[in-house]
Structure formats: structure tokens, C-alpha cells
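A quick write-up on the structure given underneath.
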Amino acid sequence: MISLNFNPEIDDKKINQLLKEIAHDPMGGWLNLPKKYDMGEFVRIKEAAKEIRDSSEYLVCIGIGGSYLGHRAVIEALRPDSETKIIYAGNSLSRRELDWALQKVGDHDFSVNVISKSGTTLEPAIAFSEFKKKLIEKYGEEEAYSRIYATTDAKQGALHDEAVACGYTRFVVPDNIGGRYSVLTAVGLLPMAVAGVDVDKLLEGASDAAVSVLEPAAKYATMRFTLDSKHYDTEIFASFEPATMYFNEWLKQLFGESEGKNGRGILPDSVIYSTDLHSMGQYIQDGRRNLFETIINYPTDEMNSKIVKAVQIAHAEGGIPVLTIDISSYDERGFGELIYFFELACALSAKMIGVNPFDQPGVEAYKTKLKELMAE
């Protein structure tokens, strides 16, 4: 269960209206996903995960943004036990990082999960080309293609067409779910299952949350809207567990891409305490008072719990609004619940400030400029 340390008055009529808008949005498919998941595909995902674990020492996950942040967040947080290790590629244009990933795989047996709706995004396209070449050199074309798992559009696109032509095992990026909301689809479930995450329990947690977190999500969205209206325009997501760093990164994408439009939106940032108390702590305690703090309080030991309390008191006394979200369990069920909670709260928050939670028109700006520069 998720509990909050704040209790704003919410407008039930307004919340219900926003929920109807989300449910009827062409990209609102994630809202009912935990209870309406395609169980046939879910079985195929678990079968493919077993195939990969049986045949490979490494799974190379190729994707960027929502195609990798969500499942990496869960895998890094839970540190599940699996003999097949996950390597990430295609999330930057750094040649050093790509070479490192290729060298890490080395002569080991490996498979590839390339995750891209279109197949034309530059960063994953380059990485996929390199790893496909390595697969063919190691195994020959036929076996190489059997080791490629493509998570992509169901009907069209460069990757879809290549997957059909070459016979890659295919999974679907749903048309009605955007990348940053796709953790609980094949985008995230296949890598997590390979890594040893209990995806059944993850979906159970999300399914329970679809019933239980409406009120806390509405309260959190209402608090963010209230703080924004008082010119608190920066949110610091704070965790006291170093392994949740990538969960914070997923939150930054979720809220940044969903809200940052039309000159609106709260700037998301993140810290890991107590480590960042010795770097960012000074600014947060005594710097500009345009920020508020959202503490994600996972179950922890006695010493860490004292640090949580000290931070809550010190920062509140320093003039910072401190919101605390208490998480009941640090496991698959807990993270399934937490993912759904933040997805719902984020969509409601964006709707409250009058922006579309599900598009990202600004992301295309740099892509256009990069294409122009490459053409030159």
C-alpha cells in the first residue's frame, strides 16, 4: 500500500472528469492495462525469457528513453538473481559506450532485444546494426536471427518490416501506450523476466494499484498543482536507496516529457540520500526557495529511517515543502504498485495544467537539427 504525509482536499468531480479524458485518449491504454493484459502475449514473453536464459550469458537490450529506462529501473532496484546478465546499448551516441558493450559481450553467448516503435531512432538503430553484425559473425545468419527479439509496432515501421522478413521473434509496442508509460508491456516485461524479476507479481501489484491508488494519486497531483501555482517550479525526487537511481531517472522522463509543454510544467530532478546530502544538500537546504521535495520512502533499516526523519525535519524547517510517499514493500508487487501510482499521478498532473500528458513534440526538435547536420 502507498500512504502519504499530506492530505489536500481534492475535487472529486474534477478528478473523475480528468480520468474520463485519460481513459478516452488514444494513448490512454496503460490505464486499464494491468487488468486487461493480453495473457497470450504474457505467456509468450515468459517462454521467450526462458529461451534466452537457456541459451545466453548476456541479453543486450537496445533502446532509448521509455524503451529502456522503466525496466532498467526495476532490474537495478531489485537486483534479481539470473545467470543471464543484462547489458544496455543504444541509449546514447557515444562510441566509447557502444565499444564497451561490444567488448563486454566478447565471445560469450548472447541474444538481443531491440526495442523501438519505428526502428528509425538513430541511437538504437546504430547499436542494433553493430550487434546484429556481431551475432551473424558468431552464429551465422540463421541462428543469429533466432537470437533477435524485436519489440516494435504491430503492423508497420522499419523494424517491424525487418523482423517479419528475417523471422525475428516479435512482441508489440501497443499503439495506445507511449514509451514512458510502457514499463508494464512487453517493452519492460521481457527484459525483466530474463533478469529474474517475478513479472507475475509485478503485474499483480499494478493490478491492485489500479483499484487502490486513485485517491493517493489524485492527492499527489493536487499537491503538485497547488505548489506549482505558488511558484514552486522544481521537484526533487529523493530516495534513500542507491539502487533506485534509475527509478528516479524514469520519473524524470515520465514527468518531464508529460508536463514540459507550452511553457508549463514542474522541472523534475532527483537525489539519492544520504550520498547527495554531501553534495546537493547545501543547495537544497539554503538555496533558492522555488523547489519542493518528494521523498519516496522505501522500507529500510533503523539507521536509514533516522536519516529520513532528519531530512524531513531539516528541509521543512528550511522552508521546503516536503511530500513523503511511503512504500509498503520493496519487491515486485511494491514496484508494480509504485509504477502505476506515478503513471496515474503524472497523467492527472499534466491534465490539471492543461497539457497533453502523452505527446512529446519538443523531442523531435533536436532530431530534425541532427538530420540537417548529418546531411551537410
Side-chain angles (χ1 to χ4, degrees), residues 2 4-6 64-79 88 91-92 179-181 183 188 216-217 220-221 223-224 227-228 232-260 265-300 304-305 307-312 314-316 318 320-327 330 334-335 337-347 349-350 357 360 363:
I2 289 174
L4 313 174
N5 74 330
F6 49 93
I64 194 168
S67 294
Y68 96 105
L69 273 175
H71 57 81
R72 186 168 189 175
V74 176
I75 292 168
E76 300 254 348
L78 293 178
R79 295 172 177 165
Y88 298 94
N91 51 62
S92 78
R180 58 189 177 274
Y181 291 87
V183 192
Y220 177 50
M223 279 299 300
R224 295 180 82 253
L227 289 167
D228 185 34
Y232 290 98
D233 58 11
T234 299
E235 179 173 20
I236 306 292
F237 291 107
S239 166
F240 293 75
E241 292 292 341
T244 62
M245 181 188 73
Y246 269 95
F247 194 85
N248 289 353
E249 292 300 307
W250 174 70
L251 288 174
K252 284 156 66 175
Q253 185 200 5
L254 180 67
F255 282 89
E257 278 194 348
S258 296
E259 287 190 325
I266 295 168
L267 175 67
D269 203 350
S270 67
V271 291
I272 298 289
Y273 294 147
S274 64
T275 305
D276 287 334
L277 291 172
H278 299 266
S279 55
M280 289 292 290
Q282 174 61 43
Y283 186 92
I284 293 172
Q285 187 69 46
D286 289 336
R288 292 181 62 197
R289 300 296 79 176
N290 66 323
L291 60 87
F292 66 97
E293 192 169 42
T294 297
I295 293 175
I296 306 171
N297 188 23
Y298 301 96
T300 189
N304 227 17
S305 66
I307 296 170
V308 175
K309 190 65 176 178
V311 167
Q312 289 170 322
H315 289 183
I320 302 171
V322 179
L323 313 181
T324 302
I325 300 170
D326 291 309
I327 314 304
Y330 194 97
F335 275 95
E337 183 178 29
L338 194 59
I339 287 166
Y340 191 88
F341 165 80
F342 275 117
E343 288 179 344
L344 180 56
C346 180
S349 292
Q360 52 281 335
V363 173

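Heavy atoms only: backbone and side chains are in, while hydrogens, waters and symmetry mates are out.
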Taking the side chain as every heavy atom from C-beta outward, state whether [X] and [Y] have any atom pair closer than 4.5 Å.
| X | Y | answer |
| --- | --- | --- |
| Ile266 | Asp233 | no |
| Thr294 | Tyr220 | yes |
| Glu249 | Ser270 | yes |
| Ile327 | Leu338 | yes |
| Ile320 | Tyr232 | no |
| Leu267 | Glu235 | no |
| Thr244 | Tyr330 | yes |
| Phe292 | Val322 | no |

What heavy-atom pair brings [X] and [Y] nearest, and what distance separates the two atoms?
| X | Y | value |
| --- | --- | --- |
| Tyr273 | Val311 | CE1-CG1, 3.9 Å |
| Arg289 | Gly318 | NH1-O, 2.8 Å |
| Arg180 | Ser258 | NE-OG, 2.9 Å |
| Ala221 | Ala345 | CB-O, 3.8 Å |
| Gln253 | Gly65 | OE1-C, 3.5 Å |
| Ala314 | Gln285 | O-NE2, 2.9 Å |

inquiry  = Taking ring pair (Phe, Tyr, Trp, His ring centres under 6.0 Å) as the criterion, tell me which of Tyr246, Phe247, Tyr340 meets it with Phe335.
reply    =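 Exactly one option meets the ring pair (Phe, Tyr, Trp, His ring centres under 6.0 Å) with Phe335, and it is Phe247.
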request  = Indicate yes or no for a side-chain donor-acceptor contact from Asn5 to the backbone of Thr324 under 3.5 Å, with no hydrogens or angles considered.
outcome  =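 Yes: the side chain of Asn5 pairs with the backbone of Thr324.
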task = Test side-chain contact (heavy atoms from CB on, under 4.5 Å) on Val271 and Ile284 and set out the steps.
result = CA-CA 10 Å; Val271 291; Ile284 293 172; 4.1 Å; yes
request  = Go through Glu76 and Met245 one step at a time and tell me if the side-chain contact (heavy atoms from CB on, under 4.5 Å) criterion holds.
outcome  = CA-CA 8 Å; Glu76 300 254 348; Met245 181 188 73; 5.9 Å; no
request  = Using a strict cut-off of less than 4.0 Å between a Lys/Arg side-chain nitrogen and an Asp/Glu carboxylate oxygen, indicate whether Arg224 and Glu259 qualify as a salt bridge.
outcome  =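 A salt bridge is present here (some side-chain N lies under 4.0 Å from a carboxylate O).
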task = Please lay out, stage by stage, how Phe342 and Ile296 fare under the test side-chain contact (heavy atoms from CB on, under 4.5 Å).
result = CA-CA 11 Å; Phe342 275 117; Ile296 306 171; 4.0 Å; yes
So, taking the atom named [atom1] in [X] and the one named [atom2] in [Y], what distance separates them when rounded to the nearest 0.5 Å?
| X | Y | atom1 | atom2 | value |
| --- | --- | --- | --- | --- |
| Leu291 | His315 | CG | NE2 | 9.0 Å |
| Tyr181 | Leu344 | OH | CG | 9.5 Å |
| Asn297 | Ile325 | CG | CD1 | 10.0 Å |
| Arg72 | Asn91 | CZ | CG | 6.5 Å |
| Leu4 | Leu323 | CG | CG | 8.5 Å |
| Leu227 | Asn290 | CG | CG | 11.5 Å |

ask   = Parallel under 30°, tilted from 30 to 60°, perpendicular over 60°: which one fits the rings of Tyr88 and His71?
value =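 Aromatic pair Tyr88/His71 classed parallel.
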ask   = Going by the angle between their ring planes, with limits at 30° and 60°, are Phe237 and Phe255 parallel, tilted or perpendicular?
value =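 Rings of Phe237 and Phe255: tilted, as their planes differ by 30° to 60°.
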inquiry  = Test of understanding: with side chain to side chain contact (heavy atoms under 4.5 Å, CB included), list the residues that count as partners of Thr300, not counting sequence neighbours.
reply    =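 In terms of side chain to side chain contact (heavy atoms under 4.5 Å, CB included), with neighbours along the sequence ignored, Thr300 is linked to Glu241, Asn304, Ser305.
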query = After noting the C-alpha distance and the side-chain angles of Ile307 and Leu277, does the key distance pass the side-chain contact (heavy atoms from CB on, under 4.5 Å) rule?
reply = CA-CA 10 Å; Ile307 296 170; Leu277 291 172; 4.2 Å; yes
